[in-house]
K.L.:
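I am attaching a structure below and will ask some questions about it afterwards.
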Amino acid sequence: FENITVENADKKLTKTKTKTSTTKIFKNMLNEEKDERVKKIIDIRYNTTNNKLVPWRVVAEKLDMSIQGCINIHNKFIKKVRNELNKNYV
């Protein structure tokens with residue numbers, strides 16, 4: 001069993017708050033994104049019933065785009081989110 005101390009409880013609470021606010025920032029940025037392709041790519045790639053990522057080939061076929069085009073749009077958005085998170089947490 002893990003020793004439950006005030007410090008451990010505080011660390012867990014901080015981690016939980018950080019995860020929650022990170023998720024909120026991600027969702028807010030996704031909702032505010034003007035490029036609808038980003039929303040579609042994220043939705044197709046991650047909103048699956050199992051825990052596996054949808055392959056880029058499938059994402060690209062559904063959007064009638066190239067695989068690399070989908071990856072580039074995805075990575076550009078993820079980089080934007082990371083930059084925003086770094087501003088808030090560093």
Side-chain angles (χ1 to χ4, degrees):
F1 292 105
E2 181 182 343
N3 278 343
I4 301 202
T5 62
V6 173
E7 292 82 21
N8 285 346
D10 191 42
K11 284 179 187 175
K12 284 187 175 186
L13 183 60
T14 302
K15 274 186 180 178
T16 303
K17 283 183 180 178
T18 303
K19 281 183 182 178
T20 302
S21 54
T22 300
T23 303
K24 280 184 185 176
I25 289 170
F26 180 86
K27 287 181 178 179
N28 287 341
M29 289 184 72
L30 188 60
N31 288 335
E32 292 171 8
E33 182 60 44
K34 289 176 177 45
D35 187 347
E36 290 297 317
R37 298 173 300 174
V38 172
K39 295 175 185 178
K40 290 176 184 173
I41 289 168
I42 298 294
D43 184 51
I44 294 167
R45 179 94 167 134
Y46 299 106
N47 288 340
T48 62
T49 53
N50 58 22
N51 283 335
K52 294 183 181 181
L53 295 174
V54 173
W56 286 116
R57 178 184 44 78
V58 175
V59 175
E61 286 171 2
K62 287 186 177 187
L63 296 176
D64 196 27
M65 293 175 61
S66 69
I67 292 171
Q68 192 60 53
C70 291
I71 292 169
N72 291 347
I73 291 169
H74 170 274
N75 289 350
K76 185 176 176 182
F77 176 72
I78 296 301
K79 186 176 180 180
K80 203 161 125 177
V81 172
R82 277 196 188 122
N83 287 341
E84 186 65 29
L85 290 173
N86 286 338
K87 278 191 231 171
N88 291 328
Y89 294 113
V90 174

K.L.:
Say you draw a straight line from CE of Met29 to CZ of Phe77; how long is it, rounded to the nearest 0.5 Å?
P.N.:
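Interatomic distance, Met29 CE to Phe77 CZ, rounded to 0.5 Å: 5.5 Å.
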K.L.:
Within this structure, what is the NZ-NZ distance for the pair Lys39 and Lys34, rounded to the nearest 0.5 Å?
P.N.:
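Interatomic distance, Lys39 NZ to Lys34 NZ, rounded to 0.5 Å: 9.0 Å.
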K.L.:
Given the rule in the side chain to side chain donor-acceptor pair (under 3.5 Å) test, do Gln68 and Asn72 qualify, once you have shown the distances and angles that lead to the verdict?
P.N.:
CA-CA 6 Å; Gln68 192 60 53; Asn72 291 347; 2.8 Å; yes
K.L.:
Between Tyr46 and Ile41, is there a side-chain heavy-atom distance shorter than 4.5 Å?
P.N.:
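Side-chain contact under 4.5 Å: no.
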K.L.:
Report the distance from atom CD1 of Ile25 to atom NZ of Lys87, rounding to the nearest 0.5 Å.
P.N.:
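Spacing of CD1 (Ile25) from NZ (Lys87) equals 10.5 Å.
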K.L.:
If you count the non-hydrogen atoms of other residues, nucleotides and ligands that lie under 6.0 Å from CG in Asn51, is the total more than 12?
P.N.:
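No, not enclosed.
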K.L.:
Can you tell me if Asn31 uses its side chain to pair, donor with acceptor, with the backbone of Lys27 under 3.5 Å?
P.N.:
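Checked: pair present.
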K.L.:
For atom NZ of Lys76, decide whether the heavy atoms of other residues, nucleotides or ligands shown that lie under 6.0 angstrom number more than 12.
P.N.:
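No, because the 6.0 Å sphere around NZ of Lys76 holds 12 heavy atoms or fewer from other groups.
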K.L.:
Between Ile44 and Val54, what is the shortest heavy-atom contact and its length?
P.N.:
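The answer is O-CG2, 3.1 Å.
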K.L.:
Using side-chain heavy atoms (C-beta onward) and a distance below 4.5 Å, is Lys40 in contact with Lys62?
P.N.:
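No - every pair of side-chain heavy atoms lies 4.5 Å or more apart.
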K.L.:
Once rounded to the nearest 0.5 Å, what's the spacing between atom CZ of Phe26 and atom CZ of Arg82?
P.N.:
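Output value for this atom pair is 10.5 Å.
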K.L.:
CG/Asp43 to CG/Leu30 distance, rounded to the nearest 0.5 angstrom?
P.N.:
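Nearest 0.5 Å value for the CG-CG distance: 8.5 Å.
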K.L.:
Would you name the heavy atoms of His74 and Ile42 that are closest together and state the gap between them?
P.N.:
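That closest heavy-atom pairing would be CD2-CD1, 3.8 Å.
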K.L.:
Flag the pair Leu63 / Arg37 as yes when at least one side-chain heavy-atom distance between them is below 4.5 Å, and no otherwise.
P.N.:
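They are not in side-chain contact.
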K.L.:
If every non-hydrogen atom of Ala60 is compared with every non-hydrogen atom of Cys70, which pair is closest and at what distance?
P.N.:
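Between these two residues, the closest heavy atoms are CA-SG, 3.6 Å.
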K.L.:
Under 4.5 Å between any side-chain heavy atoms of Arg45 and Val58, yes or no?
P.N.:
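Side chain of Arg45 against side chain of Val58, heavy atoms only: no contact under 4.5 Å found.
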